[in-house]
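Working notes, beginning with the structure itself.
All residue numbers refer to positions in the sequence shown, counting from 1.
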Amino acid sequence: MISLRKQMIAIFISITLIAVCSVDVQVYAGEAASTTNVIIQDDFSNETNMWSYGGSAFRQEESEYIILTKNTDFQKGEVWLNEEIMPPFSVEFRYKIGGGSGGGCLTLLLEGKAEDTDIHGSGIEFDSDQDEWDYSGNHIAYISDYGRIHLKMVDDLRTKDDIWHEAKVIVLNNRLEVSIDDEKVLTYKTNDELFSGKLGFVASTDHLNNWQMIDYVKVTQLKNLVTIFNKRNGEAISVLREEASEYHEYVGENDVVTIYDVFAGRQSECLGNEIAVKLAGDDTGKWVVAEEAVAFPFENNALERTFENKIELYGTAVKVPVLMYHHILKAEDKKATNNLIVTVEEFEEQMEYLYSNDYTTITTEELELFIDNKLELPKNSVLITFDDGYKSNYLYAYPILKKYGYKASIALIPKLMPEALEAFNPTRLNYLSWQEVILGRDIFEYTNHTYSHISMKNISYQNALEEIKKAGDILQSKYFVYPIGHTSASSEKVLQELNYKLAFTTTSGFVTESSNKLFLRRQRINAGITLRTFKALLG
């Protein structure tokens, strides 16, 4: 049973990462289904198989914490996490040093090992002793080379006061942050990789000795990172997405900034005063406007890096299926026999199949770059599209897509869209409201399906121009989906004149580099198809 003392331990508070960056920035936003994933959380109230012990280290059953060293000469204790982890991650723990003659050190090791009384490797040192390698008797430092090199050090008496302190260390690929009792005390940045996958705690004593203890360790894999890239000097810094608004002062409120989702391979643009909304969910609008802030255009090589690993595993795509969905309903709500209404259960099964077979969802822009031979896509790439913009797309498809980290496109009909939210009624066709369009934009991109969903078959040039341009002015998209799949010479002429990049039909088939960009084929997903049929449609 977990003791009352354990139950009363407060949840650690996240620290804020603050760094200086020039005004010339590009923001790459990495987003996942959840912000974090706790790998290890151990309060040592029970013995587990999470750790390997060595030397003088042991779990104190009565007090329910780890004792690394007692107040005794020449002790060395170590405890290693059995599971290998890689950045980005955070380590939160409680530590106490003291109750002896005032010497020794405790280190959170990020790599290496411990031998004898030396600490081999690199990590965060909490030192209460001074020797030839130290600059002061009480300090916190980032150390390397067997503890003999202090790359960055700050004086701190919380290394010997015999009081429990809460520590948090954030480890990114080339940067780390150390916080003690919710106070950031040390930041270290390098061009080298910081971590090798091995994590542990090591403590040692010499002739001046202290008790050194740790408790309540939590290791969290961080999944929601933003990398701010300084194009001027080529440096980059990674921060947590929710803390990205700290960087707004480096971008003017009217500067155009490119945001790139490195997990899903999706890019978009926003103004400087929208960065917090896009990246951090902060809609306060409180901005410090930088003078002479400079924006710069998106570079396609960032897209290529996103797919590099999958291309290495599976090869490059020579054809891409574009899946066409419409309406989605729960099985118990689906009364009509309309083949275009797919059940929630069917959609979930199909997305799970894509995920299990390592399919990559792409954006419409990435498909355009593929056709133009400007971007290689992984072999298992797919574009998911929805026609007509039904409310069920947000209500049912959105959470499923988000669950698997997938993106999709919705073709909207502005005239049919309500201004305010409406209650969902499965017995009729509800359309997305503008509020839902905004709420769903982290998963969905939106394309032109004409203003009023009028067929392009036998349409006059003027009517086609009015329908396409009016919707295009509202949606600001250069991608078009033909209503009912009908095409015409008039609509093609309008699309060419308005500089539309791609247009999609309902004709069955795949997209290749030789496809006509204004008459792209798609694979219709009908109700009731088997996974075998679904697999065949993927090619």
Side-chain angles (χ1 to χ4, degrees), residues 33-34 321-357 359 361 382-447 449-455 475 481-485 504 506 508 522-538:
S34 62
V322 180
L323 306 184
M324 177 178 58
Y325 292 91
H326 287 76
H327 194 21
I328 296 179
L329 285 176
K330 290 182 177 179
E332 63 266 27
D333 291 332
K334 186 187 173 189
K335 309 302 180 184
T337 58
N338 190 331
N339 276 341
L340 298 181
I341 303 176
V342 173
T343 67
V344 174
E345 295 78 7
E346 289 169 338
F347 185 73
E348 167 86 47
E349 182 182 42
Q350 290 160 10
M351 294 305 103
E352 196 280 331
Y353 177 85
L354 294 179
Y355 182 81
S356 298
N357 289 276
Y359 274 80
T361 56
V382 60
L383 175 61
I384 299 172
T385 67
F386 292 84
D387 285 11
D388 304 334
Y390 296 120
K391 186 182 181 77
S392 65
N393 300 166
Y394 178 73
L395 183 64
Y396 296 130
Y398 175 89
I400 294 173
L401 291 166
K402 196 174 184 71
K403 171 182 176 181
Y404 294 109
Y406 280 167
K407 300 292 183 179
S409 170
I410 299 179
L412 297 176
I413 309 167
K415 184 179 180 179
L416 302 182
M417 297 172 62
E419 289 292 335
L421 288 169
E422 293 181 348
F424 181 69
N425 184 347
T427 64
R428 67 182 185 88
L429 293 178
N430 297 98
Y431 290 89
L432 285 166
S433 67
W434 290 109
Q435 290 93 326
E436 288 162 321
V437 165
I438 294 171
L439 290 172
R441 63 185 177 180
D442 61 324
I443 296 296
F444 294 117
E445 60 176 318
Y446 303 102
T447 57
H449 205 34
T450 72
Y451 181 71
S452 63
H453 199 249
I454 187 172
S455 170
L475 299 171
V481 178
Y482 294 98
I484 325 172
F504 296 88
T506 59
S508 180
R522 291 187 291 170
Q523 301 288 52
R524 184 192 301 271
I525 307 300
N526 288 327
I529 65 171
T530 63
L531 273 183
R532 183 176 180 179
T533 301
F534 182 74
K535 181 180 178 180
L537 291 172
L538 293 169

Start with the C-alpha distance between Ser433 and Met417, add both sets of side-chain angles, then the distance that settles side chain to side chain contact (heavy atoms under 4.5 Å, CB included), and finish with yes or no.
CA-CA 5 Å; Ser433 67; Met417 297 172 62; over 6 Å; no
Please set out all donor-acceptor pairs under 3.5 angstrom arising from side-chain atoms of residues 392-400, sequence neighbours excluded.
unit_1, atom_1, unit_2, atom_2, d
Ser392, OG, His327, ND1, 2.8
Ser392, OG, Ile328, N, 3.1
Ser392, OG, Ile328, O, 3.3
Asn393, OD1, Tyr390, N, 3.4
Asn393, ND2, His326, O, 3.0
Tyr398, OH, Asp442, OD1, 2.9
Tyr398, OH, Asp442, OD2, 3.0

For the residue pair [X] and [Y], what are the closest heavy atoms and their distance?
X      : Y      : answer
Leu401 : Ala408 : CD1-CB, 3.8 Å
Gln523 : Ser508 : OE1-OG, 2.8 Å
Gly389 : Leu412 : CA-CD2, 4.0 Å
Ala331 : Glu345 : N-OE1, 3.3 Å
Ser409 : Thr447 : OG-CG2, 3.5 Å
Lys391 : Ala423 : CE-C, 4.3 Å

Rounded to the nearest 0.5 Å, what separates atom [atom1] in [X] from atom [atom2] in [Y]?
X      : Y      : atom1 : atom2 : value
Leu416 : Ser452 : CG    : OG    : 7.5 Å
Glu346 : Ile341 : CD    : CD1   : 11.0 Å
Leu323 : Thr385 : CG    : OG1   : 7.0 Å

Enclosure of Tyr355 OH (heavy-atom neighbours >12, cutoff 6.0 Å):
no
Under 4.5 Å between any side-chain heavy atoms of Pro414 and Trp434, yes or no?
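Pro414 vs Trp434: side chains touch.
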Tyr451 vs Leu475 side-chain heavy atoms within contact, under 4.5 Å
no
Which residues satisfy the side-chain contact (heavy atoms from CB on, under 4.5 Å) test with [X], sequence neighbours excluded?
X      : result
Ile529 : Gln350, Ile525, Asn526, Thr533, Phe534, Leu537
Glu349 : Leu531
Thr506 : Met324, Arg522, Arg524
Pro483 : His449, Thr450, His453, Met456, Phe480

Can you list the steps and then say if Leu538 with Tyr353 is a side chain to side chain contact (heavy atoms under 4.5 Å, CB included)?
CA-CA 11 Å; Leu538 293 169; Tyr353 177 85; 3.7 Å; yes
Keeping the roles fixed (side chain from Asp387, backbone from Ala411), state whether a donor-acceptor pair exists under 3.5 Å.
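Judged by distance alone, no pair lies under 3.5 Å.
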Main-chain N/O of Thr343 paired with Lys334 side-chain donor or acceptor, under 3.5 Å
no
Apply side chain to side chain contact (heavy atoms under 4.5 Å, CB included) to the pair Val344 and Asp333, showing each step before the final yes or no.
CA-CA 10 Å; Val344 174; Asp333 291 332; over 6 Å; no
Lys407 with Glu445: basic N within carboxylate O range, under 4.0 Å:
no
Which one of Tyr431, Tyr446, Tyr325 satisfies the ring pair (Phe, Tyr, Trp, His ring centres under 6.0 Å) criterion with Phe386?
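Among the candidates, only Tyr325 passes.
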Would you please test Leu354 and Ile384 for side chain to side chain contact (heavy atoms under 4.5 Å, CB included) and show each step?
CA-CA 11 Å; Leu354 294 179; Ile384 299 172; 4.2 Å; yes
Applying salt bridge (charged side-chain N to carboxylate O under 4.0 Å, His left out), can you list everything that pairs with Glu348, at least two apart in sequence or on another chain?
Lys403
